[in-house]
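Below: one structure, written as C-alpha cells.
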Amino acid sequence: MFTKQLIVGGLTALLIGALSACGGGSGSGDSARSASGVGQSGSSSTAPTARPTPDTVTGLRDSVRHLARQTTKGTRPHTVTKCSSATKKIRHTSSSGSGAKKKTRTWTTTERYRKCSKMRSGTETYTRIVRAERWCVSLDDVGGDTGRDDVWYQVTRAVYDEVRTADDHVRVEFAPAGTGC
C-alpha cells in the first residue's frame, strides 16, 4: 500500500516538473501561446496562459505530413430484397365456465403477411478505402525532454493547418488524435 502511494507521489512530482519545464507561465516571455495553441517565439503576452491538460502534448514543431486517402475499386455481392405474400393459420381458444362445466372453444383464422428476404443478384462495384486520410505532426523535445525527438502524432485537420503555418522549432501545444503516423 505504501509503495503505491510512493510511486503515485513520484509520478506526480515528475509530471509537475515536466509541465513547469514547458514554460506554461506568461512571465518568461520566451514563448507565448495564442488561443489556437500555437506559439510564436519572441512575442510577448500580457494575459496568463492556461497550463496544458494531461491529454495535450507540447514540443517544438519539427515537420508535418499529410497522407491522402487511398482507395481502390472492389466488387461485392449485390443483394436485393424480394418480398412475397404469405399466409399463416393462427389457432385461437376461448374458455368459459369452471370445473366440470368448463367448455373450451377452438377456432382458426388465416392471417396475411409479407415475407421478405435478401437475395443475391450478381455483383456490384464500390470504392474501397485502403487507407484513411491522416494529418500528422512531428515534434522535438516532447514534454520538455530533449531526448524525445521526431515523435509523430496524428492530429485533426484544424490542428494540422495551424501547426503547418507556424515557424520551424516553435513551441506548439495540441491534443493529438493518436500516436504514430
Take atom CZ in Arg131; do more than 12 heavy atoms of anything else shown fall under 6.0 Å from it? yes

Under 3.5 Å donor-acceptor, Arg76 side chain and Glu124 backbone: no

Give, for atom OG of Ser95 and atom NZ of Lys102, the distance between the pair rounded to the nearest 0.5 Å. 4.5 Å

In Å and rounded to the nearest 0.5 Å, what is the NZ to SG distance from Lys115 to Cys83? 11.5 Å

Distance (rounded to the nearest 0.5 Å) between Ile90 CD1 and Lys88 NZ: 5.5 Å

Do Leu60 and Val170 come within less than 4.5 Å of each other through their side chains, counting heavy atoms only? no

After noting the C-alpha distance and the side-chain angles of Tyr153 and Thr179, does the key distance pass the side chain to side chain contact (heavy atoms under 4.5 Å, CB included) rule? CA-CA 4 Å; Tyr153 294 100; Thr179 57; 4.2 Å; yes

Enter the distance from Tyr126:OH to Thr75:OG1 here, rounded to the nearest 0.5 Å. 7.5 Å

In terms of heavy-atom contacts, Thr108 and Arg91 come closest through CG2-CA, 4.1 Å

Taking all atoms of both residues into account, what is the closest heavy-atom pair of Gly180 and Cys136, and its distance? O-SG, 4.5 Å

State the OG1-CH2 distance between Thr93 and Trp107, to the nearest 0.5 angstrom. 7.0 Å

How close do Tyr113 and Thr87 get, heavy atom to heavy atom, and via which atoms? CE2-C, 3.9 Å

Run the side chain to side chain contact (heavy atoms under 4.5 Å, CB included) check on Thr71 and Arg128 step by step: do they pass? CA-CA 5 Å; Thr71 60; Arg128 184 169 59 92; over 6 Å; no

Could you tell me if the side chain of Thr123 sits less than 4.5 Å from the side chain of His78, heavy atoms only? no

What orientation do Tyr160 and His66 show, parallel under 30°, tilted 30 to 60°, or perpendicular over 60°? tilted

Flag the pair Trp152 / Pro176 as yes when at least one side-chain heavy-atom distance between them is below 4.5 Å, and no otherwise. no

With a 4.5 Å cut-off on side-chain heavy atoms, are Leu139 and Asp62 touching? no

Between Arg61 and Val163, is there a donor-acceptor pair closer than 3.5 Å when you use the side chain of the first and the backbone of the second? yes

One should read off an interatomic distance between Gln154 CD and Cys181 SG, to the nearest 0.5 angstrom, of 6.0 Å

Take Arg65 and Ser138 through the test side chain to side chain contact (heavy atoms under 4.5 Å, CB included) and record every step on the way to the result. CA-CA 8 Å; Arg65 181 184 299 165; Ser138 173; over 6 Å; no

What I want to find out is whether Asp141 reaches Arg148 closely enough, with some N-O distance under 4.0 Å, to be called a salt bridge. no

